[in-house]
Amino acid sequence: MRVGLCGLGTVGSGTVNVLRRNMREISARAGTDIIIEQIGARRDNPACDTSAENVTRDIFDVARNPSVDVVIELIGGTTIAKELVETAIENGKHVVTANKALIAEFGNELFAKAEAKGVNIAYEAAVAGGIPIIKALREGLGANKIEWLAGIINGTGNFILTEMKDKGRDFADVLKEAQELGYAEADPTFDVEGIDAAHKLVILASIAFGMPLQFDKIFTEGISTIEPQDVTFAEELGYRIKHLGIARQSDSGIELRVHPTLIPEKRLIANVDGVMNAVLVKGDAVGPTLYYGPGAGAEPTASAVVADVVDVVRSFSAAQETKVAHLGFASSSLQDYPVLPIEEIETAYYLRMTAEDRPGTLNQVTQVLSDSGISIEAVIQKEPAAGESAVPLILLTSRAQEKQLLAAVESIEALEAIQGKIAHIRVEALG
Ligand code: HSE
């Protein structure tokens, strides 16, 4: 079986190295020898030696090469990568990709094209790096109605939050290290502003609930607004702050949201640190399950790419209707469930405000919350530092609808005793 690999960056070079090193095991699992027929890359990468390979500088040569059976797309982005995948499909080739943006934004049309042509697009490496979460969700949990899932699905963001918490390091400095280690996206704002996690969550939610990919509906908030003091106050309250992607099915629709979240520190997922990812999936039959592993990096991602090559090779002779569908559910049975606007979701909240230290302030704040039907679960207030008249006031609230909470926050901000804006972070029990 002949593969053509496009893109020789971090994941591309990792894939070549893993394929070469473990060729005996990989071929034995695939049931046939796997040969790298051609590599398409604009430039060489010192991380892997391709002197013995057929290398072209035009990646489209690979998609059109009649000797190539499977095209591995590892160039990233959604313009040339989309054209490349379409060309590969038109030429009757199966595709393996690690490109979450491409699948999240254009997966619906690409899957339809692939199915019409009788080929597969495999994308395990697109979500949570080396964790076989697509396989687990799509096949391993095939008996379940999935109730919800929540995941730490951006390695760079988790690496930054962990280093800030454990070592008090500076945000920009940790991000630079993540870039050097090959974890970060070409545009690192995708990592820190939650876009990368949103791409991945949309894919997971579609597989979990059986719905077309709806990237334009997801609510996204990044980690750049998290202050070191929030990390410290959260710890004092028995919580960790993690950047989570959350998808939940309810009678009124689907919640689809990516944002920083306080999680009780006793939860396993609260202790997932560094570049590691984890996805918690609650199925009605199995209950809660947790998948953990490296979410970025050359060989962890290559591990998923190569597993997909084996899968595609094994399904070569299968009829289209007997193959595992791209989103797990047959495309004719996908349901266009409504995605709930963020104002409609209900969760608990962490609020941090700066309050004047004078009689009645706390009373006024709690009165607004009580008038809104929001209960207070915990409070932290310290004595003012010498010479200061204002203090940080931290509240944990009961569950409330987001629009109700935001209205209460606006009223509290209008109080004379409250200075500036109130920081609010959502809190999830994940129990
Ligand atoms: N930039 C991504 C991350 C790479 O940090 O998780 C893996 O998708």
Side-chain angles (χ1 to χ4, degrees), residues 7-15 18 47 72-78 81 96-105 107 122-135 137 149-164 171-205 207 213 215 218 220-224 226 242-245 258-260 269 272-279 291-308:
L8 214 47
T10 302
V11 181
S13 58
T15 301
V18 170
I72 306 177
E73 182 277 307
L74 300 173
I75 63 167
T78 52
V96 171
T97 178
N99 192 330
K100 49 263 163 149
L102 184 68
I103 298 299
E105 294 179 37
Y123 54 95
E124 181 66 71
V127 182
I131 307 175
I133 185 63
I134 305 284
K135 188 122 187 141
L137 201 52
L149 61 88
I152 296 171
I153 44 181
N154 181 266
T156 302
N158 203 39
F159 182 62
I160 294 172
L161 283 178
T162 305
E163 292 288 301
M164 280 172 73
F171 189 101
D173 173 43
V174 190
L175 174 58
K176 190 160 165 282
E177 189 183 342
Q179 287 175 290
E180 283 160 7
L181 291 167
Y183 300 155
E185 295 303 296
D187 175 354
T189 58
F190 273 47
D191 296 297
V192 297
E193 297 307 338
I195 301 156
D196 178 75
H199 284 140
K200 294 166 180 168
L201 184 68
V202 162
I203 297 172
L204 291 179
I207 299 170
L213 298 143
F215 180 66
I218 189 164
T220 307
E221 213 175 77
I223 57 170
S224 56
I226 298 295
K242 290 292 176 189
H243 192 232
L244 282 193
V258 166
H259 51 71
I269 196 168
V272 170
D273 285 338
V275 75
M276 301 309 259
N277 280 195
V279 185
Y291 308 84
Y292 169 82
E299 293 210 358
T301 313
S303 164
V305 170
V306 175
D308 266 353

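For ligands, and for the atoms within them, numbers begin at 1 and follow the listed sequence. Numbers here are sequence positions counted from 1.
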Counting C-beta onward and ignoring hydrogens, is there a side-chain heavy-atom pair between [X] and [Y] closer than 4.5 Å?
X: I223; Y: F171; value: yes
X: L213; Y: I203; value: yes
X: K242; Y: D273; value: yes
X: L102; Y: E73; value: yes
X: T156; Y: I160; value: yes
X: H243; Y: V258; value: yes

Return the residue, atom name and 0.1 Å-rounded distance of the protein heavy atom closest to [atom].
atom: atom 5 (O) of ligand 1; answer: T156 OG1, 2.6 Å
atom: atom 2 (C) of ligand 1; answer: E185 OE2, 3.1 Å
atom: atom 7 (C) of ligand 1; answer: G295 O, 3.3 Å

Side chain, backbone, both or neither: the part of V275 lying under 4.0 Å from ligand 1 by heavy atom: neither
Answer with side chain, backbone, both or neither: which part of D191 has a heavy atom less than 4.0 angstrom from an atom of ligand 1? side chain
For G155, atoms of ligand 1 separated by under 4.0 Å from a heavy atom: 3 (C), 5 (O), 6 (O)
Where ligand 1 meets K200 - atom numbers and elements under 4.0 angstrom, heavy-atom basis: 2 (C), 3 (C), 6 (O), 7 (C), 8 (O)
Quick check: K100 and ligand 1, any N/O pair under 3.5 Å apart? yes
